[in-house]
Amino acid sequence: MDQTLARKVNPKPRRKGGAYTVGAEDIYIFPLSESTNLFLQKVWTAFVNKMVSMTLPNGKPVFQYAIFEAIQDKNLKIVASSTHFRMKQVTDRIGLQSIEDFIRNTIPISIQDPGNLSAKYLREAILSVEKKARPEVYFHSLDDERVHPNLKQLLTKTMNYAAGIPLFVKGFPIGMLWGIRRDNMSPEQEEEVRQQLYSLYDVVDFVISKEMDLKGDPYYARKNIEKSDLHSRAKHLFYTRGFGQAEPVTTIVFDSHTYQRSYRLDASFLIPSGDGYSVSLKRFEPKERNDTGKNLLLIPGFFCRRSVMDKVARELSLRHGYRVFSMDMRGRSRRTLPLFGIREGWTVDDFIQEDFPAVLAWIKENFPNEQLVVVGHSMGGMIPRFYCSAYEEIVKRKKDSPVPLPRPDELISGIVSITSPNFVRLQAQIPGLDILKMGLKLVPSKTISDFLFDLTSFSLQTTLPTVDLNKFFKFLLGLHSSLRAVSFDLHAKVVNLRDFVGYKQISPPEWYFLIEDIFCEESTKVVLQFLRSQLSQDRSFLSYDGTLDYTALQKNLQIPLFSVLGSVDKVVPSETIENDLAALPHKKNKILSYEQGHLGIVFHMPVVKEMCSEIDSWIKGLDST
């Protein structure tokens with residue numbers, strides 16, 4: 001916004017006689033500058049998306065609808081709208097027209113219109129912000145006679161109550177954000193919503209101000225707003241000199257009103273790995289830590305960024321008092337890739353033998369007197385198990401390792417493995433997969449899977465070093481159609497995101513954030529390594545070159561293991577975990593099951609809370625005799 005503009009009182013005050021005190025009705029609202037308006041047009045969908053993704057502490061959505069009224073010249077106009085029910089369709093570009101129609105049908109309302117409640121609240125907010133205070137949060141029954149007729153005609157029978165907050169950037173108002181719901185709220189719910197909207201107000205101001213100053217990318221502004229934790233409020237932001245970091249680390253100190261605890265978030269520490277790649281760590285540091293002397297390292301799974309573990313990370317750190325590191329392996333962000341781009345894909349072996357030990361060495365160097373518990377989801381649970389059990393073999397093979405290879409028994413006191421298999425055995429329906437596997441029984445499995453491996457590796461590696469999740473499913477179909485000797489039925493149910501997620505309570509906003517933020521591209525080599533295990537008949541997970549059987553080596557695992565199963569998991573069914581892990585001898589081993597699918601177990605808050613409480617109790621018992 002043009003910094004030469006300043007707020008001033010209306011030159012034609014409507015009050016007779018005037019007064020020393022400036023009232024809200026005196027305030028003149030300036031139009032947005034062209035540069036601010038152009039940037040906001042690319043970002044304001046994030047405001048309404050975040051609004052309809054807000055939840056109460058019990059996980060229930062707060063709002064079914066959200067609208068943003070932007071200052072447009074001398075008017076306020078609804079420019080962005082979202083519903084809790086349609087976010088998935090919007091993501092899939094289905095039903096988008098209906099929301100665009102809704103916005104087209106809205107009529108601008110003059111800021112000077114005495115019936116414009118949003119303009120009234122913006123004027124009041126200007127007085128608050130001038131006094132270094134946040135604006136009020138307003139709660140309304142939409143039966144209120146004061147609701148403008150232009151807005152009344154847009155309301156449906158399920159739009160009964162609203163909560164709104166004026167939004168500001170660099171001290172200047174940009175518009176009014178409203179969340180709309182069917183049912184009234186209790187005083188306790190109103191207070192929860194008030195605290196979350198204060199957090200959202202701060203996030204919008206901070207993110208947009210920063211990105212506009214840096215002439216930043218609106219895409220990252222949207223993602224940072226949509227990813228923000230509204231259960232906490234940022235108090236301080238610093239750029240710190242992290243442990244041995246060449247670049248500054250962004251450090252934010254938060255107060256969490258949900259957990260009643262202050263904490264520090266560091267994002268991100270970059271740790272060099274092999275062949276020009278890096279690993280990225282985010283740290284949650286609670287103000288008051290527990291007395292276990294244990295740090296936690298959280299590792300996401302196949303196709304997932306570390307954001308998939310955020311609910312687990314916050315619960316373990318802010319409720320149970322652990323210092324928690326959340327890990328992005330190579331390829332999860334631009335900062336983890338080689339400076340001059342990807343030369344070729346990476347394998348699961350690179351995660352196990354380079355990325356994971358690089359992080360172990362970094363934690364050991366910076367926290368030499370503290371033990372580590374590794375918590376991994378899906379493939380993220382395979383990584384520490386396979387490193388620990390295959391350690392002696394890895395050391396023999398990696399004499400010229402680009403990273404140190406710390407002895408696991410000197411640092412790791414326990415592993416928590418969440419829906420994490422010993423080998424791959426999908427139960428989700430993929431066209432022709434059962435027939436293909438039946439065909440494999442007719443010939444030695446390694447012969448056919450090696451042929452398949454070489455065939456697909458040759459055809460894909462030259463054209464596609466990484467794949468994204470949706471393309472992966474198309475790739476599976478193309479893979480089968482390339483095997484001319486095998487016939488299969490295309491009428492079978494195609495593997496889909498619902499099978500992959502396996503989360504029966506998933507809401508449309510969570511679908512949206514999974515697709516937009518959590519799912520990432522994956523190396524073709526990783527995909528092929530998983531496919532080889534899936535198509536194999538010998539219940540094993542092999543190294544990329546086929547010479548190391550990680551599953552068979554698990555008999556060497558001496559570190560206590562807590563394995564969490566999802567009883568309705570189609571991606572990692574219980575048979576791929578229970579029998580093998582039950583045979584491991586350590587007396588501290590534990591197996592626990594929840595009625596959840598593959599990602600639901602780390603997303604559904606009631607399960608997350610119960611699981612993290614069990615993890616905390618298990619960790620506290622590790623040092624007992």
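Positions are given from 1, in the same order as the sequence printed here. Every heavy atom of this structure was used, including side-chain atoms; hydrogens, water molecules and symmetry mates were not. These numbers were taken from a predicted model, which means no experiment stands behind them.
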Could you check whether any side-chain heavy atom of [X] comes within less than 4.5 Å of a side-chain heavy atom of [Y], counting everything from C-beta outward?
| X | Y | value |
| --- | --- | --- |
| Leu281 | Ser326 | no |
| Ile109 | Lys77 | no |
| Phe603 | Val308 | yes |
| Val193 | Met185 | yes |
| Leu296 | Phe284 | no |
| Ser413 | Ile559 | no |
| Met611 | Val312 | yes |
| Val375 | Leu297 | no |

Give the minimum heavy-atom separation between [X] and [Y], together with the two atoms involved.
| X | Y | result |
| --- | --- | --- |
| Arg385 | Ser420 | NH1-OG, 3.0 Å |
| His84 | Phe63 | CB-O, 3.7 Å |
| Ser82 | Val48 | CB-CG2, 3.7 Å |
| Ile363 | Phe325 | CD1-CD1, 4.3 Å |
| Arg134 | Ser128 | O-CB, 3.8 Å |
| Tyr138 | Trp178 | O-CZ3, 4.1 Å |

List the steps, then state whether salt bridge (Lys or Arg N to Asp or Glu O under 4.0 Å) holds for Lys311 with Glu510. CA-CA 13 Å; Lys311 290 182 179 180; Glu510 286 173 314; 3.2 Å; yes
Residues [X] and [Y]: side-chain donor-acceptor under 3.5 angstrom:
| X | Y | result |
| --- | --- | --- |
| Asp266 | Thr251 | yes |
| Ser567 | Glu595 | no |
| Asn295 | Arg323 | yes |
| Arg306 | Ser280 | yes |
| Asn49 | Thr45 | no |
| Ser118 | Arg123 | no |

Let me know which of Ile165, Leu230, Asp202 forms a side chain to side chain contact (heavy atoms under 4.5 Å, CB included) with Leu197.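 Of the listed residues Ile165, Leu230, Asp202, the side chain to side chain contact (heavy atoms under 4.5 Å, CB included) partner of Leu197 is Ile165.
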Partner of Gln196 by side chain to side chain contact (heavy atoms under 4.5 Å, CB included), out of Lys50, His231, Met51, Arg233: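 Output: one option passes, namely His231.
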With rounding to the nearest 0.5 angstrom, report the [atom1] to [atom2] distance, [X] to [Y].
| X | Y | atom1 | atom2 | answer |
| --- | --- | --- | --- | --- |
| Glu285 | Ser262 | CD | OG | 12.5 Å |
| Leu316 | Cys612 | CG | SG | 4.0 Å |
| Ile180 | Thr83 | CD1 | OG1 | 11.0 Å |
| Glu69 | Trp44 | CD | CH2 | 12.0 Å |
| Phe356 | Phe351 | CZ | CZ | 13.5 Å |
| Arg305 | Thr336 | CZ | OG1 | 9.5 Å |

So, applying side-chain hydrogen bond (donor to acceptor under 3.5 Å, both in side chains) with Tyr259, which one of Arg314, Glu315, His320 is it?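 Option passing the side-chain hydrogen bond (donor to acceptor under 3.5 Å, both in side chains) with Tyr259: Glu315.
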May I have the step-by-step check of salt bridge (Lys or Arg N to Asp or Glu O under 4.0 Å) for Lys120 and Glu124, ending in yes or no? CA-CA 6 Å; Lys120 175 180 180 292; Glu124 292 175 358; 2.7 Å; yes
Stepwise side-chain contact (heavy atoms from CB on, under 4.5 Å) check, Leu76 with Ile71: CA-CA 5 Å; Leu76 279 170; Ile71 297 171; 3.8 Å; yes
Test salt bridge (Lys or Arg N to Asp or Glu O under 4.0 Å) applied to Glu370 and Arg289, step by step: CA-CA 13 Å; Glu370 298 179 28; Arg289 292 183 58 210; 3.3 Å; yes
For the side chain of [X] and the backbone of [Y], is there at least one donor-acceptor N/O pair under 3.5 Å apart?
| X | Y | result |
| --- | --- | --- |
| Lys227 | Phe513 | no |
| Lys588 | Ser624 | yes |
| Arg261 | Asp255 | no |
| Asn160 | Asp183 | no |
| His377 | Leu298 | no |
| Gln195 | Glu192 | no |
| Asp205 | Lys170 | yes |
| Ser617 | Ser613 | yes |
| Ser199 | Ser232 | yes |
| Arg264 | Val253 | no |

Where do Glu226 and Tyr512 land on the side-chain contact (heavy atoms from CB on, under 4.5 Å) test, with the steps shown first? CA-CA 10 Å; Glu226 291 176 347; Tyr512 173 84; 3.0 Å; yes
Using the test salt bridge (charged side-chain N to carboxylate O under 4.0 Å, His left out), find all partners of Lys294 that sit at least two apart in sequence or belong to another chain.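 For Lys294 the salt bridge (charged side-chain N to carboxylate O under 4.0 Å, His left out) partners, ignoring immediate neighbours, are Asp623.
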Tyr594 and Leu565: CA distance, side-chain angles, deciding distance, side-chain contact (heavy atoms from CB on, under 4.5 Å) verdict: CA-CA 6 Å; Tyr594 293 97; Leu565 315 181; over 6 Å; no
Output, in order, the C-alpha distance, side-chain angles, deciding distance and verdict of side-chain contact (heavy atoms from CB on, under 4.5 Å) for Gln64 and Arg182. CA-CA 7 Å; Gln64 285 80 48; Arg182 182 185 60 194; 4.0 Å; yes
Step by step, would you call Glu522 with Arg332 a salt bridge (Lys or Arg N to Asp or Glu O under 4.0 Å)? CA-CA 8 Å; Glu522 187 60 273; Arg332 272 30 183 178; 2.9 Å; yes
Before accepting this row, confirm whether a basic side-chain N of the pair Lys282/Asp310 lies closer than 4.0 Å to the acidic partner's carboxylate O.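 Looking at Lys282 and Asp310, the cut-off is met.
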